[in-house]
Amino acid sequence: MDAQMKKGLLDACVLHILAKGDTYGYRLTREITGLMDVSESSLYPVLRRLETQGFLETYSAEHQGRLRRYYRITGSGLGRLGEYRNELAELKRIIDFITGGDVNG
Amino acid sequence: MDDRIKSFIDTLAMHLEGLAEDERKEALDYYREYFSDAMEEGADPGELLSRLDPPEKIAAAIMAGSSIRLVQTEPGLKNYSKLVKTAHAGFAGTLSAAAFSLLIFTTYSIAILLFLGTVLAAAAACIILPASISEALKIPASYPGGIAGTIGIGISASGIFVLTACGFYILSRPLFRASAVLVYKLIRKGGKPARDTAGSSQDASGTKTAKPAGRFVKAVAVITAVGLVVALASGLPVKLFLIFNSMKPADVTVIKQEYDISGASEIRIYTAHTNIRLREGGSGKISFEYEKADWLDFDIKKDGDSIVFTERSNGRLPLFSLVSLHENRAGLVISLPPGYDPDKVSLESRGGTISIESSAFPVDAKTYTGRINLAVPADADPDSIRPAILARTAKGTVFLRDKATGARTPHGAEYEGPSPGGIAIRLESERGDIILD
């Protein structure tokens with residue numbers, strides 16, 4: 001998949017997962033690698049960037065005697081996710097157009 | 001903890017050396033936590049590690065992301081160099097590496113030019129201010145307006161240079177920022193998926209301008225404006241503008257003086273700045289008509305058989321040594337009656353031009369930057385111009401009726417009129433042209 005496209009999709013996936021509820025690094029990674037082919041270790045820089053862009057924030061909570069860092073989507077993160085959804089809706093129409101018309105069928 | 005995981009974390013920690021301490025800790029915490037959570041959910045360490053990129057590569061992505069963010073928030077040479085260092089590791093393809101080299105070469109070149117501009121402008125500012133103050137100190141205290149105006153010009157001129165220096169510096173910020181964005185795009189395009197995530201880009205929010213720098217620029221702008229107002233109020237810039245563009249000064253006083261020809265066998269004229277015109281005619285007396293500018297003093301007296309005219313600065317105009325090299329439009333006209341037969345007429349002007357409208361008198365004319373015009377009688381054949389002319393100029397050209405003439409000598413151009421024995425006219429100019437027509 002095109003690197004540029006993949007990057008946008010990756011951001012959208014992260015925001016979408018967080019919109020459903022706060023979660024932590026490992027869980028987030030598992031969800032995403034189950035969905036698209038990205039390296040398992042590549043998520044940290046993405047999270048860090050989304051955080052500096054203000055789309056998500058972190059907090060720590062105790063889990064089995066140690067601290068675990070959770071990620072939470074912000075208001076502007078939700079806004080960005082909305083933009084992604086609009087863009088992807090258009091992309092979906094194009095994909096349907098390309099894949100729908102089976103020449104042999 | 002599993003040894004393989006421990007060694008993974010150690011290698012990562014080693015390669016994150018140079019990252020800001022809190023960022024480094026945050027990254028390491030993330031991966032430690034990641035392993036803890038994975039173990040807790042029953043992952044096999046060997047299998048887990050095989051799904052991860054090597055720690056060197058992860059570190060490179062984190063470092064590049066961080067340094068790109070650094071350039072975005074604080075664009076400067078130091079942060080940009082950091083980015084170049086970390087990004088350098090991220091190129092696999094020859095093409096993207098070549099594009100990267102070209103990009104950083106261009107960025108550094110422009111940055112160096114901007115830096116040189118900054119330094120030169122700052123240096124100019126540092127020179128102009130003390131120079132203008134020292135000029136102002138030379139002005140007699142009886143001209144407070146001139147002193148204030150000179151310092152005002154110095155302050156506003158050096159202020160403008162300081163602002164220019166700041167401008168060059170400020171320009172380098174978007175340059176580094178834009179270049180960082182391009183580096184980011186290159187890393188993503190040339191890389192494998194892991195590099196997808198190298199860092200932030202266009203929409204990074206950190207475009208704070210440094211507050212103290214802004215205040216400094218504002219203060220300099222205010223000081224420059226004050227200097228400019230003082231300078232303009234003094235009228236000095238207008239005066240200098242008129243002089244440097246060889247326009248007539250606004251405030252000249254015309255002074256007339258006449259002498260009998262008897263007992264005046266020699267005339268010696270020196271002007272610092274005023275043009276000299278020698279003509280034939282008048283009332284049978286030697287007459288002087290002098291347009292005196294207010295920053296010049298003059299003295300005219302009869303000294304034995306000689307009439308001596310000298311001109312000098314009264315110290316009122318700053319930068320006089322420079323100003324006097326520009327020709328003035330004010331003039332000194334000397335009219336000699338026809339048939340007057342002096343032993344010698346010497347005319348000297350530092351910056352002014354000398355026009356000799358009659359070749360009936362033995363003249364020695366000398367200028368430093370000014371032109372010398374000699375009117376040769378209209379009926380004279382150029383090959384046999386009657387007066388014995390010797391024209392010499394070090395840097396200028398001798399023109400005879402619109403054509404360059406004269407021999408080139410190691411000392412400049414030299415022309416000798418063909419008929420010695422007549423009236424001798426010697427013309428000498430260091431930098432000006434000599435025109436015979």
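The chains referred to below are lettered A, B, ... by the order of the sequence lines, with proteins before strands, and numbering in each begins at 1.
- Here the closest non-hydrogen pair linking Ala38(B) and Tyr26(A) is CB-CE1, 3.3 Å.
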Glu51(A) vs Glu26(B), test: side-chain contact (heavy atoms from CB on, under 4.5 Å). Steps then yes/no. CA-CA 12 Å; Glu51(A) 187 185 346; Glu26(B) 202 180 316; 3.7 Å; yes
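- In this structure, Arg27(A) and Asp37(B) have side chains that are not in contact, with every pair of non-hydrogen atoms separated by 4.5 Å or more.
- When heavy atoms are compared at a cutoff of 4.5 Å, Glu23(B) approaches chain A by way of both its backbone and its side chain.
- More than 12 non-hydrogen atoms from other residues, nucleotides or ligands lie less than 6.0 angstrom from OH of Tyr108(B).
- Looking at Thr29(A), only its side chain comes within 4.5 Å of chain B, counting heavy atoms on both sides.
- Side-chain contact between Glu40(A) and Asp53(B): absent, with no pair of heavy atoms (C-beta onward) separated by less than 4.5 Å.
- The 12-atom threshold is exceeded at OH of Tyr59(A), counting heavy atoms of other residues, nucleotides or ligands nearer than 6.0 Å.
- Shown here is Lys92(A), whose NZ atom has no more than 12 heavy atoms of other residues, nucleotides or ligands within 6.0 Å.
- Using cut-offs of 30° and 60° on the angle between ring planes, the pair Tyr30(B) and Tyr44(A) is tilted.
- For Tyr84(A), the OH atom counts as densely surrounded, since its 6.0 Å shell holds more than 12 non-hydrogen atoms of other residues, nucleotides or ligands.
- In this structure, OG on Ser66(B) lies 7.5 Å from CZ on Arg48(A), to the nearest 0.5 angstrom.
- Neither the backbone nor the side chain of Leu50(A) comes within contact range of chain B, judged by heavy atoms closer than 4.5 Å.
- Put simply, the side chain of Glu33(B) gets close to the backbone of Arg69(A): a donor and an acceptor are under 3.5 Å apart.
- The 12-atom threshold is not exceeded at CZ of Phe161(B), counting heavy atoms of other residues, nucleotides or ligands nearer than 6.0 Å.
- Here the side chains of Arg66(A) and Glu40(B) are in contact, with some heavy-atom distance below 4.5 Å.
- The residues Glu41(B) and Arg30(A) are annotated as not salt-bridged, no charged nitrogen and carboxylate oxygen being separated by less than 4.0 angstrom.
- Contact annotation for Ile58(B): only side-chain heavy atoms (C-beta onward) come within less than 4.5 Å of a heavy atom of chain A.
- For Ala43(B), the part lying near chain A is the side chain, with the backbone staying farther off; criterion is any non-hydrogen pair under 4.5 Å.
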